[in-house]
Participant: 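A single structure is presented below for examination.
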Amino acid sequence: MSTRIAFLKGHGTENDFVIVPDPENAIDLPPAAVAALCDRRAGLGGDGLLHVVRSAAHPEARGMAAEAEWFMDYRNGDGSVAEMCGNGVRVFARYLQRAGHAAEGDLAIATRGGVKRVHIAKSVSDGGSAAGDITVGMGRALLPETDVEVSVGERSWPARNVNMGNPHAVAFVADLAHAGDLYAPPSHAPAGAYPDGVNVEFVVDRGPGHVAMRVHERGSGETRSCGTGACAVAVAAARRDGVDPAVTGTPATYTVDVPGGTLVITERPDGEIEMTGPAVIVAEGEFDSAWLEGVRA
């Protein structure tokens with residue numbers, strides 16, 4: 001007998017997600033089912049899926065349960081598992097707030113990239129009804145010394161290799177249009193630099209401490225925003241500009257425009273990177289478990 005499964009839709013700077021609350025980890029979500037749910041024509045539509053599970057109920061998160069009650073079991077739009085999603089963490093936190101599992105203030109969320117520290121700001125605007133921005137501690141960037149090049153069509157650029165718990169190749173370009181349509185993953189060299197695939201960011205300058213980017217996310221294609229990508233871009237831009245907070249002792253902040261909005265990224269002298277931006281829940285509903293069973297079959 002079929003049952004109804006609850007879902008929500010949310011986005012962070014238009015990087016959008018299907019949200020499936022499942023505290024006890026009782027819903028089977030194989031890659032085909034996730035891809036079907038994220039399908040924009042035959043499913044609910046999303047760049048990825050946020051599976052909301054109590055850490056103690058998930059084998060990958062039990063070790064983090066003492067620090068974080070909730071685990072973000074994140075999947076890319078094609079159903080593949082991902083280590084982290086910065087915009088996803090903000091939307092995940094907004095869902096927890098909406099569901100009464102979290103309040104304004106500090107919160108810890110378990111991810112495959114470790115426990116992330118989150119701060120939900122107070123409501124703003126005239127009536128106090130507009131949800132405040134959410135800040136996520138994104139951890140430290142790793143900067144492998146590998147020389148990397150990315151290519152689109154006949155154009156190629158050197159790229160900065162940045163790891164934010166997931167891999168990124170950041171290329172500074174003269175015009176964002178040079179990235180092409182980004183339907184297919186940009187090629188990269190050497191081929192072995194990213195054995196599990198890579199997120200590729202194309203970046204232009206807008207002014208001091210201000211850049212704009214487009215991104216091809218592995219497993220999802222071009223998205224309207226990428227939180228870990230914005231962090232990687234800010235770090236790459238800072239190093240290109242000769243700025244290293246660990247050396248100067250002063251935080252470095254970059255405004256990063258993405259197609260879906262704006263994120264503010266700060267790298268602290270201790271290496272911790274903080275990302276601040278909006279997160280919105282736009283809809284909720286139910287789907288029939290029989291449909292999901294058909295997909296699994």
Side-chain angles (χ1 to χ4, degrees), residues 11-17 35 38-43 45-48 75-80 82-88 141 143-144 146-164 166-207 210-241 254-263 265 275 277:
H11 77 91
T13 49
E14 298 184 9
N15 192 188
D16 65 330
F17 307 95
C38 291
D39 190 290
R40 296 195 180 279
R41 291 179 174 83
D47 293 322
R75 319 292 182 86
N76 292 315
D78 64 355
S80 59
E83 303 92 338
M84 240 300 276
C85 175
N87 288 319
L143 300 170
T146 311
D147 290 327
V148 180
E149 183 177 84
V150 298
S151 302
V152 175
E154 296 181 355
R155 290 189 172 95
S156 296
W157 303 268
R160 187 71 190 244
N161 189 351
V162 183
N163 193 292
M164 286 298 308
N166 56 0
H168 297 267
V170 180
F172 292 90
V173 300
D175 189 328
L176 290 178
H178 291 169
D181 58 30
L182 289 183
Y183 293 149
S187 59
H188 66 270
Y194 302 105
D196 299 318
V198 63
N199 305 287
V200 182
E201 288 80 27
F202 298 88
V203 187
V204 296
D205 288 299
R206 292 286 189 241
H210 188 181
V211 297
M213 62 173 268
R214 290 176 62 197
V215 58
H216 183 283
E217 290 194 64
R218 57 177 181 167
S220 297
E222 182 173 15
T223 59
R224 300 284 292 170
S225 180
C226 175
T228 56
C231 293
V233 163
V235 171
R239 299 302 183 273
R240 181 205 58 176
D241 295 342
Y254 279 76
T255 298
V256 182
D257 294 337
V258 296
T262 297
L263 296 167
I265 312 298
M275 174 185 63

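Numbers here simply count residues along the sequence, with the first being 1.
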Participant: Please confirm whether the backbone N or O of Gly180 pairs with a side-chain atom of Arg214, one donor and one acceptor, at under 3.5 Å?
Facilitator: yes
Participant: What closest approach, in Å, do Ser151 and Ser156 show between heavy atoms, and which atom pair accounts for it?
Facilitator: OG-OG, 2.6 Å
Participant: Check whether any side-chain heavy atom of Glu14 sits under 4.5 Å from a side-chain heavy atom of Ser225, and report yes or no.
Facilitator: no
Participant: Working note: His210 + Asp257, criterion side chain to side chain contact (heavy atoms under 4.5 Å, CB included); need CA distance, chi angles, decisive distance, verdict.
Facilitator: CA-CA 8 Å; His210 188 181; Asp257 294 337; 2.7 Å; yes
Participant: For Asp16 and Gly45, which heavy atoms make the closest approach, and how far apart are they?
Facilitator: OD2-O, 4.0 Å
Participant: Output a table of donor-acceptor pairs, distance under 3.5 Å, between side-chain atoms of residues 198-207 and any protein atom two or more places apart or on a different chain; print 'none' if there are none.
Facilitator:
| unit_1 | atom_1 | unit_2 | atom_2 | d |
| --- | --- | --- | --- | --- |
| Asn199 | OD1 | Arg218 | N | 3.1 |
| Asn199 | ND2 | Pro167 | O | 3.0 |
| Glu201 | OE1 | His168 | ND1 | 3.4 |
| Glu201 | OE2 | His168 | ND1 | 2.8 |
| Asp205 | OD1 | Arg240 | NH1 | 3.4 |
| Asp205 | OD1 | Arg240 | NH2 | 2.8 |
| Asp205 | OD2 | Arg240 | NH1 | 2.9 |

Participant: Please examine the side chains of Leu143 and Arg239, heavy atoms only from C-beta on, and report whether any two atoms are closer than 4.5 Å.
Facilitator: yes
Participant: State, with a plain yes or no, whether a side-chain heavy atom of Val150 is found less than 4.5 Å away from one of Arg155.
Facilitator: no
Participant: Is any side-chain heavy atom of Tyr194 closer than 4.5 Å to one of Asn161?
Facilitator: yes
Participant: How many angstroms lie between atom CG of Leu182 and atom OG of Ser220, to the nearest 0.5 angstrom?
Facilitator: 13.0 Å
Participant: How long is the gap from SG on Cys231 to CE on Met84, to the nearest 0.5 Å?
Facilitator: 7.5 Å
Participant: Taking the side chain as everything from C-beta on, heavy atoms only, tell me whether Asn15 gets closer than 4.5 Å to Cys85.
Facilitator: yes
Participant: For the residue pair Trp157 and His178, does the interplanar ring angle fall in the parallel (under 30°), tilted (30 to 60°) or perpendicular (over 60°) class?
Facilitator: parallel
Participant: Using every non-hydrogen atom in the two residues, find where Val152 and Pro186 come nearest and quote the distance to one decimal.
Facilitator: CG2-CB, 4.0 Å
Participant: What's the shortest heavy-atom distance between Asn163 and Pro144, and which atoms?
Facilitator: N-CD, 4.4 Å
Participant: For a quick test of reading the model, state the closest non-hydrogen atom pair linking Gly77 to Cys38 and the distance between them.
Facilitator: O-CB, 3.7 Å
Participant: Do Thr223 and Asp47 have side-chain atoms, one donor and one acceptor, less than 3.5 Å apart?
Facilitator: no
Participant: Go through the side-chain N and O atoms of Asn87 and His11 and say whether any donor and acceptor fall under 3.5 Å apart.
Facilitator: no
Participant: Between Asn76 (side chain only) and Asp78 (backbone N and O only), is there a donor and an acceptor less than 3.5 Å apart?
Facilitator: no
Participant: Could you walk me through whether Leu263 and Met213 pass the side chain to side chain contact (heavy atoms under 4.5 Å, CB included) check?
Facilitator: CA-CA 11 Å; Leu263 296 167; Met213 62 173 268; over 6 Å; no
Participant: Looking at every heavy atom in both Thr228 and Gly86, which two are closest together, and how far apart are they?
Facilitator: CG2-N, 3.8 Å
Participant: Considering residues, nucleotides and ligands other than Asp147, do more than 12 of their heavy atoms fall under 6.0 Å from its CG?
Facilitator: no
